[in-house]
Amino acid sequence: MDKDIEKAFEFLVKDYGLKYEYQAFFDAFNDGRGWNIFTYSYYNESGCFTVHTLPQRGELDFYCSEIFSTNYQNLYERNINIYITTIEEEIWKKHSKIWIFNRPFFLWSTRRITQAVAEVLKVHIEKHGEFYGIKCDKNTKK
């Protein structure tokens with residue numbers, strides 16, 4: 001379990017009342033290589049946002065689906081990796097700066113990417129009341 005991921009996105013639960021579910025899928029591809037997938041899903045009735053990690057390959061991916069599922073393949077309805085940097089672009093630019101240099105996204109650490117995505121989502125939700133079709137209303141706050 002990656003505490004950095006949980007910490008970065010805990011605002012979705014605390015501020016917007018989304019439900020949270022951590023799931024570990026061992027030997028997920030049933031090929032005997034022992035590929036383990038870990039998912040961190042934040043969801044409500046309007047959709048599900050999932051952070052997926054595959055540590056053996058160093059993968060960190062972001063997905064959205066219409067519903068939460070206990071089957072990891074159902075969580076991967078829509079890969080948003082290619083769209084994630086298209087919202088709140090000024091935040092991405094800020095996070096890419098290292099001193100006076102721009103650091104290419106592929107050199108970022110998992111922690112840095114996770115923190116940037118969380119900040120992007122916070123700002124986008126404040127402006128639009130949703131992210132990637134998942135409605136977030138402060139009135140649902142616990």
Colleague: Which heavy atom of Ile134 sits nearest to which heavy atom of Cys48, and what is that distance?
Modeller: CD1-C, 3.4 Å
Colleague: Report the residues that fulfil side chain to side chain contact (heavy atoms under 4.5 Å, CB included) with Thr53, sequence neighbours left out, ordered by chain and then residue number.
Modeller: Ile5, Phe38, Tyr40, Pro55, Leu60
Colleague: Show the nearest heavy-atom pair for residues Leu75 and Ser41, with the distance to one decimal.
Modeller: CD1-OG, 3.7 Å
Colleague: So, Tyr76 versus His52: side-chain donor-acceptor pair below 3.5 Å or not?
Modeller: yes
Colleague: Under 4.5 Å between any side-chain heavy atoms of Ile125 and Phe11, yes or no?
Modeller: yes
Colleague: Should Lys138 and Glu126 count as an ion pair when the cut-off is N to O under 4.0 Å?
Modeller: yes
Colleague: Are Phe62 and Val117 close enough that some pair of their side-chain heavy atoms sits under 4.5 Å apart?
Modeller: yes
Colleague: How many angstroms lie between atom CD1 of Ile80 and atom CZ of Arg78, to the nearest 0.5 angstrom?
Modeller: 7.0 Å
Colleague: Run Gln56 and Leu54 through side-chain contact (heavy atoms from CB on, under 4.5 Å) and show every step you take.
Modeller: CA-CA 6 Å; Gln56 295 91 335; Leu54 182 63; 3.6 Å; yes
Colleague: When clusters are formed by joining ILVMFWY residues with side-chain heavy atoms under 4.5 Å apart, either directly or through shared neighbours, do Tyr22 and Phe49 land in the same one?
Modeller: yes
Colleague: Would you indicate whether the side-chain heavy atoms of Glu77 and Tyr63 approach each other to under 4.5 Å?
Modeller: no
Colleague: Just how far is it from atom CG of Leu121 to atom OH of Tyr132, taken to the nearest 0.5 Å?
Modeller: 7.0 Å
Colleague: How are the rings of Tyr42 and Phe9 set relative to one another: parallel (under 30°), tilted (30 to 60°) or perpendicular (over 60°)?
Modeller: tilted
Colleague: Might you work through the side-chain contact (heavy atoms from CB on, under 4.5 Å) test for Glu21 and Phe68, ending with a clear yes or no?
Modeller: CA-CA 9 Å; Glu21 190 74 34; Phe68 170 74; 3.3 Å; yes
Colleague: Can you sort out the partners of Lys127 under side chain to side chain donor-acceptor pair (under 3.5 Å), two or more places apart, ordered by chain and number?
Modeller: Glu88
Colleague: Can a donor-acceptor pair be found between the side chains of Asn44 and Ser46 at a distance below 3.5 Å?
Modeller: yes
Colleague: If a pair satisfies salt bridge (charged side-chain N to carboxylate O under 4.0 Å, His left out) and one of its residues is in residues 46-73, list it, with sequence neighbours excluded.
Modeller: Arg57-Glu59
Colleague: Which atom pair, heavy atoms only, marks the closest approach of Phe131 to His124?
Modeller: CA-CD2, 4.0 Å
Colleague: How about Val13 and Lys19: do any of their side-chain heavy atoms sit closer than 4.5 Å?
Modeller: no
Colleague: If we only count heavy atoms from C-beta on, is the Lys7 to Glu10 side-chain gap below 4.5 Å?
Modeller: yes
Colleague: Any idea which heavy atoms bring Thr114 and Ala8 closest together, and the distance?
Modeller: CG2-CB, 3.5 Å
Colleague: I'd like to check Cys136 versus Glu130 (side-chain heavy atoms, cut-off strictly below 4.5 Å). Are they in contact?
Modeller: no
Colleague: For Phe25 and Thr39, what are the C-alpha separation, side-chain angles and deciding distance, and is it a side-chain contact (heavy atoms from CB on, under 4.5 Å)?
Modeller: CA-CA 8 Å; Phe25 302 95; Thr39 61; 3.6 Å; yes
Colleague: Walk me through whether Glu6 and Tyr20 qualify under side chain to side chain donor-acceptor pair (under 3.5 Å).
Modeller: CA-CA 9 Å; Glu6 287 183 333; Tyr20 167 72; 2.6 Å; yes
